[in-house]
Structures are given as structure tokens and as C-alpha cells.
Amino acid sequence: PLFRSMMLTDLRSGRKEEYMSPVGVAMLFDRSGGKMTEKMSETIAAVKVKSAHHQELIAELREIWNKWDKADEVQGDDRLEFTSFYHGFMAPYFSSYQDDTKQALGALDMDNDGYVDWNEFLVYIKWALNEYPGIGTVQELVDTAFQKGLIPAMRDEKIKKL
């Protein structure tokens with residue numbers, strides 16, 4: 001019933017979403033009040049990106065990720081500390097790094113290990129590329145992933161914890 005309700009809400013509001021791929025189902029689940037799991041993020045990470053341009057965007061984004069990973073205490077482990085993720089990716093969308101921002105990061109931390117894993121972030125990146133295939137730059141990709149995927153999911157996470 002929750003999936004159907006969210007789909008009807010999307011239909012009535014004019015929001016066009018794709019619900020048939022692993023990425024689409026995971027996002028629908030998350031937006032319907034569920035919390036994505038580590039297994040879901042692994043499944044989505046395994047989905048092959050067919051577009052050469054999209055592969056290039058993900059590779060460029062991964063280079064940025066790796067730069068911030070070098071600032072972490074443990075490097076090369078495919079995950080970022082919340083502080084590094086905030087400074088590397090979230091800062092343009094949030095005014096400061098406060099407790100509510102840290103709490104909102106829980107939407108990304110699917111395995112509850114206190115870090116943002118590359119695969120957890122990749123869920124939203126692949127979703128953005130799937131929903132908005134005309135994305136041209138890494139900045140546009142990150143903007144879309146945050147503004148249309150991550151920030152709404154983070155708001156949901158904060159509401160669930162109230």
C-alpha cells in the first residue's frame with residue numbers, strides 16, 4: 001500500500017519516476033518510508049552503467065571521492081568519514097556541519113557503520129543518471145543527486161527520528 005500511495009502521489013504531483021529497475025525500486029522503497037539496506041546498495045552498485053558518458057562522469061566523481069578519502073584517517077577503504085563527505089560533497093547544500101546535518105547523513109549510512117561508503121553514495125548517483133540521462137557534467141550530476149534524491153531522503157530520515 002505504501003508503494004502504491006507514493007506512486008499515486010508522484011503521478012498527481014507530476015513527478016516522473018522510473019520504478020522498474022533496481023535503482024528505481026530502491027528509491028521508491030526509501031521514499032515510501034523504508035530504509036535502504038547494505039544489500040540493496042550492493043545490488044545497485046553491481047548494475048552496469050551502459051552509457052560511456054555516464055561512465056566517465058562516475059569516474060570523474062570517483063576521483064573527487066578519492067581526493068577526500070586521502071584526508072581520512074583510514075585511506076583507500078571505499079568509505080568517507082562524515083566530515084570528509086560533508087566537506088567534499090554536502091557543503092554547497094547545507095549552511096553548516098551541525099548535529100542535524102550529521103543526523104541526516106544517516107540516510108546515506110545504510111549499514112550504520114558511521115561512514116558513507118562509495119556504494120551507498122553510488123545508489124543516488126546511479127539513480128540521478130537513470131532518471132535524468134541528459135546530465136552533462138559532474139557538477140550537474142552531484143546537484144541532481146543531492147537536490148532531487150539525497151536531500152529529500154535526508155529530510156525523511158530526520159523526520160523518522162523525531
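Along the sequence shown, residues carry numbers from 1.
Ring pair F89/W65 is tilted by interplanar angle, where 30° to 60° counts as tilted.
Taking hydrophobic clusters as Ile, Leu, Val, Met, Phe, Trp and Tyr residues chained together by side-chain heavy-atom distances below 4.5 Å, L11 does not share a cluster with L28. Linking Ile, Leu, Val, Met, Phe, Trp and Tyr whenever their side-chain heavy atoms come within less than 4.5 Å leaves I125 and V47 in two separate clusters. Both F29 and M7 belong to a common hydrophobic cluster when Ile, Leu, Val, Met, Phe, Trp and Tyr are linked at side-chain heavy-atom distances under 4.5 angstrom.
Neither side chain, T144 nor Q147, offers a donor N or O lying under 3.5 Å from an acceptor on the other. The closest side-chain donor-acceptor pair between E42 and N119, if any, does not fall under 3.5 angstrom.
Inter-residue side-chain proximity for N130 and S21 is flagged as met; some heavy-atom pair is nearer than 4.5 Å. Using a 4.5 Å heavy-atom threshold, the side chains of L61 and V142 count as touching.
A donor-acceptor pair is defined here as one N or O able to donate and one able to accept, closer than 3.5 Å; no such pair exists between the side chain of S84 and the backbone of L80. Looking at E120, its side chain never comes within 3.5 Å of a backbone N or O of V123 through a donor-acceptor pair. Between the side chain of E131 and the backbone N or O of E18, at least one donor-acceptor pair lies under 3.5 Å. Using modelled atom types, one side-chain atom of Q75 and one backbone atom of K70 make a donor-acceptor pair closer than 3.5 Å.
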Residues 53-60, side-chain donor-acceptor partners within the protein, below 3.5 Å, at least two apart:
unit_1: H53; atom_1: NE2; unit_2: I135; atom_2: O; d: 3.1
unit_1: H53; atom_1: NE2; unit_2: G136; atom_2: O; d: 3.3
unit_1: H54; atom_1: NE2; unit_2: P133; atom_2: O; d: 3.0
unit_1: Q55; atom_1: NE2; unit_2: V49; atom_2: O; d: 2.5

Could you list the donor-acceptor pairs under 3.5 angstrom formed by side chains in residues 106-116, with sequence neighbours left out?
unit_1: D109; atom_1: OD1; unit_2: N112; atom_2: N; d: 3.2
unit_1: D109; atom_1: OD1; unit_2: D113; atom_2: N; d: 3.1
unit_1: D109; atom_1: OD2; unit_2: D113; atom_2: N; d: 3.3
unit_1: D109; atom_1: OD2; unit_2: G114; atom_2: N; d: 2.8
unit_1: D111; atom_1: OD1; unit_2: D113; atom_2: N; d: 3.4
unit_1: D113; atom_1: OD1; unit_2: Y115; atom_2: N; d: 3.0
unit_1: D113; atom_1: OD2; unit_2: R79; atom_2: NH1; d: 3.3

Is there a side chain to side chain contact (heavy atoms under 4.5 Å, CB included) between E140 and T137 once you walk through the steps? CA-CA 5 Å; E140 188 179 353; T137 66; 3.3 Å; yes
So I151 and F94, side chain to side chain contact (heavy atoms under 4.5 Å, CB included) or not? Walk me through it. CA-CA 10 Å; I151 291 172; F94 292 85; 4.1 Å; yes
Is there a side chain to side chain contact (heavy atoms under 4.5 Å, CB included) between I44 and L122? Walk through the geometry before answering. CA-CA 8 Å; I44 292 166; L122 198 55; 6.0 Å; no
Could you walk me through whether W127 and K148 satisfy the side chain to side chain contact (heavy atoms under 4.5 Å, CB included) test, starting with their C-alpha distance in whole Å, then the side-chain angles of each, then the deciding distance to 0.1 Å, before giving a yes or no? CA-CA 10 Å; W127 169 83; K148 298 186 183 223; 3.6 Å; yes
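A distance of 15.0 Å separates CG in L129 from OH in Y124, rounded to the nearest 0.5 Å. L141 CG to F146 CZ: the interatomic distance, rounded to the nearest 0.5 Å, is 10.5 Å.
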